[in-house]
Amino acid sequence: MSKDQDAAGAMSFIFEAGVLKRAARTGWWFAGVKHPESIAEHSFRTAVIGMMLAAMEGADPARVSMLCVLHDTQETRITDIPHIAKRYLTAAPNTAVTADQVADCPPAVADVITAAVAEYEAGETLEAVVARDADKLECLVQAVEYRQQGVSDVQRWIDSSRDALKTASAHRLADVALTSGSMPWLHRPTAK
């Protein structure tokens, strides 16, 4: 593969990833959210949460953040399928979608991305467990924010997300999220 082909393949994936900025997280429509967050917005905060959880749990923060950033990239092709729809649809495995997405990327790029997605999907390493907790905790936090904005039917997202958490740190953060509200950072005095 020529350098120009490598660059074109890499840019193809970059442009495709940009679709996530416009694609909505569809499950929130069932809760009555008219304009839900995008998949990219979810992935960004998931990566921030993942980095923090990794530090708290003794995992590699950079690795966890990468797993979090890539965990939903397949949704450019298969969309964000709500849980109710998964009863009736069978999507290709995320690892297969990722392999297609990066097929034209430089081999080093394709290897990094496919390995990260495979690790996340297997869920066996500490980093994958923490990344999955970050995904669920971000959903819980988003539900808390939507509830504070007047969306009343979010408890099932809170409950299912909380039930899926594995790490002690994620449980502690969930407890605080459920009792503190989303704006304590705004009311803290500034450091002098």
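What you see is a predicted model, and the numbers here were worked out from it, not measured in a lab.
Annotation for Met52: atom CE does not count as buried by contact number, only 12 or fewer foreign heavy atoms lying within 6.0 Å. Within 6.0 Å of the NE2 atom in His171, the count of heavy atoms belonging to other residues, nucleotides or ligands exceeds 12. Under a cut-off of 6.0 angstrom, the local environment of NZ in Lys34 is sparse, with at most 12 non-hydrogen atoms contributed by other residues, nucleotides or ligands.
No salt bridge links Glu57 with Lys166; every basic N to acidic carboxylate O contact stays at or beyond 4.0 Å. Comment: Glu127 does not engage Arg63 in a salt bridge, judged by the lack of any side-chain N to carboxylate O separation of less than 4.0 angstrom.
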Would you mind writing out the side-chain donor-acceptor pairs for residues 13-20 within the sub-3.5 Å range, not counting sequence neighbours?
unit_1 : atom_1 : unit_2 : atom_2 : d
Glu16  : OE1    : Arg77  : NE     : 3.4
Glu16  : OE1    : Arg77  : NH2    : 2.9
Glu16  : OE2    : Thr76  : OG1    : 2.5
Glu16  : OE2    : Arg77  : NE     : 2.8
Glu16  : OE2    : Gln101 : NE2    : 2.9

Would you mind writing out the side-chain donor-acceptor pairs for residues 91-100 within the sub-3.5 Å range, not counting sequence neighbours?
unit_1 : atom_1 : unit_2 : atom_2 : d
Asn94  : ND2    : Glu121 : OE2    : 3.0
Thr98  : OG1    : Gln74  : NE2    : 2.9
Thr98  : OG1    : Asn94  : O      : 2.9

Exercise. So Asp133 and Thr167, side-chain hydrogen bond (donor to acceptor under 3.5 Å, both in side chains) or not? Walk me through it.
Worked result: CA-CA 7 Å; Asp133 269 8; Thr167 64; 2.7 Å; yes
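Once rounded to the nearest 0.5 Å, the distance linking CD1 of Ile49 with CG of Leu140 reads 9.0 Å.
Residues Gln142 and Trp28 form a side-chain contact, since some pair of their non-hydrogen atoms from C-beta on lies under 4.5 Å apart. The shortest distance between side-chain heavy atoms of Thr179 and Asp175 does not fall below 4.5 Å.
Among Asp135, Leu70, Val69, Asp72, the one residue that satisfies the side-chain contact (heavy atoms from CB on, under 4.5 Å) test with Ser43 is Asp72.
When the side chains of ILVMFWY residues are joined at heavy-atom separations under 4.5 Å, either directly or via intervening members, Ile84 and Tyr146 end up in a single hydrophobic cluster.
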